[in-house]
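Indexing begins at 1, ligand by ligand and atom by atom, following the structure's order. Since this is a predicted model, take the numbers as computed values, not measurements.
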Amino acid sequence: MKGALIGCGFFAQNQLHAWRDMDGVEIVALCDQNDERLRQCADDFAISRTYTDAAEMFAAGGFDFVDIATTAPSHRPLVTLAAEAGVHIICQKPFAETLADARAMVSAAASAGKTLMVHENFRWQSPIQAALQVVASGAIGDPFFGRFSFRSGYDVFSGQPYLAEGSRFIIEDLGIHILDIARAFLGDAHQISATTRRVNPNIKGEDVATMLLTHKGGATSVVDCSYATRRTPETFPQTLIEIDGTEGTLVLDAGYRLTVTGQISQSRDVAPPVLPWAQRPWHNIQESVLTIQQHFVTCLANGQIPATSGADNLQTLALVEAAYLSAAEGRTVSLADL
Ligand code: NAD
Ligand code: 89V
């Protein structure tokens with residue numbers, strides 16, 4: 001299977017390493033508007049076909065899928081080009097800046113008959129997958145409460161300076177992952193209420209968000225995120241989880257310890273491996289990049305719809321939009337109203 005990648009920035013390095021690790025997949029073309037980044041990436045990964053204009057790359061063709069690793073404002077034009085070119089698409093989160101853009105992209109890929117997956121990788125982290133398997137096994141019964149918590153003081157702005165510049169920050173960039181994890185455990189939500197605040201005076205958007213979700217299956221969850229929390233140990237980029245079920249509880253604690261209390265109780269280390277090209281503390285995220293890309297290729301090979309498809313991601317994006325609306329208007333927002 002041949003692929004092309006657009007956006008040779010900070011995070012694409014992980015995606016390129018992961019593609020290189022996978023059997024039967026080759027990235028044959030690279031595109032970035034920034035010529036210097038493009039050349040550096042082409043050298044580092046020995047990829048000879050390079051473009052500064054995505055339309056030219058699609059016109060030249062010769063690949064089955066495109067990996068869009070740019071930031072959200074460029075996603076709709078690039079996904080539209082890809083659908084018109086008739087290639088499968090994997091696109092980074094946040095999938096879109098608006099729900100209207102996201103819906104248009106889902107519809108463009110569907111009309112072209114091509115797979116569209118969002119690179120929503122947090123639920124693919126191996127500690128999260130281990131916890132999901134426990135819940136799916138029925139070991140804690142029917143979950144009725146969840147807490148999904150990401151609190152850190154890690155400096156994310158040095159690697160991703162744009163995160164300090166947008167009027168939206170933590171819900172759109174990080175909360176989106178944690179809301180998606182809440183959906184993976186407890187199913188879709190139908191209402192949300194949220195509060196936000198900015199603690200760091202050097203950024204424009206909110207760096208703290210606390211959200212309360214009502215899930216369609218009846219469970220309630222709290223999703224709390226902060227980049228203004230100085231703590232020991234520093235847990236970046238771990239999502240800490242508590243799930244209460246009718247037959248027991250599950251806790252994913254700091255340091256990747258998974259404890260299940262129920263008919264059979266156990267506590268085990270579910271720390272992710274550090275891949276040869278990975279660096280702590282990012283190794284957890286980096287491993288999930290490999291896993292989600294493997295999932296994409298498996299789905300293409302078997303004609304399956306990816307778990308984090310564009311259509312699925314509309315539900316996560318709706319939670320993001322609803323959380324901002326709730327925080328701005330001080331009320332609970334029903335997702336059906338968006
Ligand atoms: P970045 O700014 O470092 O890189 C983006 C690159 O895309 C830049 O080099 C830019 O020149 C290029 N680009 C933008 N528009 C383009 C276009 N139309 N055609 C060609 N090139 C174009 O950004 P980043 O930090 O790598 O983030 C990229 C995306 O990855 C963001 O959406 C971010 O939220 C996401 N991200 C995801 C994770 C994760 O775990 N899933 C982690 C970090 C970042
Ligand atoms: O995963 C992400 O989307 C990153 C970070 C972990 C820094 O929030 O932007």
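- Under a 4.0 angstrom heavy-atom cut-off, E120 registers as lying outside contact with ligand 1.
- With F148 as the fixed residue, the side chain to side chain contact (heavy atoms under 4.5 Å, CB included) test singles out one of D180, D224, L186: L186.
- Nearest protein heavy-atom neighbour of atom 10 (C) of ligand 1: D32 OD1, 3.4 Å.
- The shortest N or O to N or O distance between Y227 and ligand 2 is below 3.5 Å.
- For ligand 1, the atoms sitting less than 4.0 Å from at least one non-hydrogen atom of S74 are 15 (N), 18 (N), numbered in the order shown with element in parentheses.
- R39 has a carboxylate O that lies under 4.0 Å from a charged side-chain N of D35, or vice versa, which qualifies the two as a salt bridge.
- Taking the six-membered ring for Trp, H88 and F65 have ring centres at least 6.0 Å apart.
- Under 4.0 Å from ligand 2, the heavy atoms of F122 that appear belong solely to its side chain.
- Using a 4.5 Å cut-off on side-chain heavy atoms (C-beta onward), H177 and K93 make contact.
- Of the protein's non-hydrogen atoms, the one nearest atom 4 (C) of ligand 2 is D173 OD2, 3.7 Å.
- Numbered from 1 in the order shown, with element, the atoms of ligand 1 that lie under 4.0 Å from a heavy atom of A69 read 28 (C), 29 (C).
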Residues 256-263 side chain polar contacts: donor-acceptor under 3.5 Å, at least two apart:
| from | atom 1 | to | atom 2 | distance (Å) |
| --- | --- | --- | --- | --- |
| Y256 | OH | N284 | ND2 | 3.3 |
| R257 | NH1 | S267 | O | 3.4 |
| R257 | NH1 | S267 | OG | 3.0 |
| T259 | OG1 | S267 | OG | 3.1 |

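- Taking every heavy atom of G7 and a limit of under 4.0 angstrom, the matching atoms of ligand 1 come to 6 (C), 7 (O), 12 (C).
- The P94 neighbourhood of ligand 1 comprises atoms 32 (O), 34 (O), with distances under 4.0 Å to a heavy atom of that residue.
- Here is the list of ligand 1 atoms found below 4.0 Å of a heavy atom in I285: 40 (O).
- Of all protein heavy atoms, the one lying nearest to atom 40 (O) of ligand 1 is N121 ND2, 3.0 Å.
- Contacts between Q92 and ligand 1 below 4.0 angstrom, taking non-hydrogen atoms only, involve the side chain exclusively.
- Ligand 1 places these atoms under 4.0 Å from at least one heavy atom of D173: 34 (O).
- Checked against the 6.0 Å centroid criterion, the rings of F10 and W282 qualify as a close aromatic pair.
- Every residue two or more places apart in sequence or in another chain was checked for a salt bridge (Lys or Arg N to Asp or Glu O under 4.0 Å) with R198, and none qualifies.
- Counting heavy atoms closer than 4.0 Å to ligand 1, residue T52 contributes nothing at all.
- The shortest non-hydrogen separation linking R37 to G9 is NH1-CA, 3.7 Å.
- Clustering ILVMFWY residues whenever any of their side-chain heavy atoms sit less than 4.5 angstrom apart, transitively, puts V135 in the very cluster that holds I178.
- Cluster membership check: V270 shares its hydrophobic cluster with F122, using side-chain heavy-atom separations under 4.5 Å among Ile, Leu, Val, Met, Phe, Trp and Tyr.
- Distance from atom 1 (O) of ligand 2 to its nearest protein heavy atom, with residue and atom name: H177 NE2, 3.0 Å.
- Looking at V156 against ligand 2, only its side chain comes within 4.0 Å, counting heavy atoms.
- Closest protein heavy atom to atom 7 (C) of ligand 2: Q160 OE1, 3.2 Å.
- Counting protein heavy atoms only, atom 3 (O) of ligand 2 is closest to K93 NZ, 2.6 Å.
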Under the criterion side chain to side chain donor-acceptor pair (under 3.5 Å), I'd like the reasoning laid out for Q92 against E120: C-alpha separation, chi angles, the key distance, then a yes or no.
CA-CA 7 Å; Q92 258 298 348; E120 181 39 82; over 6 Å; no
Start with the C-alpha gap between F95 and H119, add the side-chain angles, then the distance that decides, and say whether ring pair (Phe, Tyr, Trp, His ring centres under 6.0 Å) holds.
CA-CA 8 Å; F95 183 32; H119 188 123; over 10 Å; no
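- Counting the atoms of ligand 1 from 1 in the order shown, those under 4.0 Å from a heavy atom of T70 are 7 (O), 13 (N), 14 (C), 15 (N), 16 (C), 22 (C), 28 (C), 29 (C), 31 (C), 32 (O).
- Remark: ligand 1 atoms within the under-4.0 Å shell around heavy atoms of Q160 are 25 (O), 43 (C), 44 (C).
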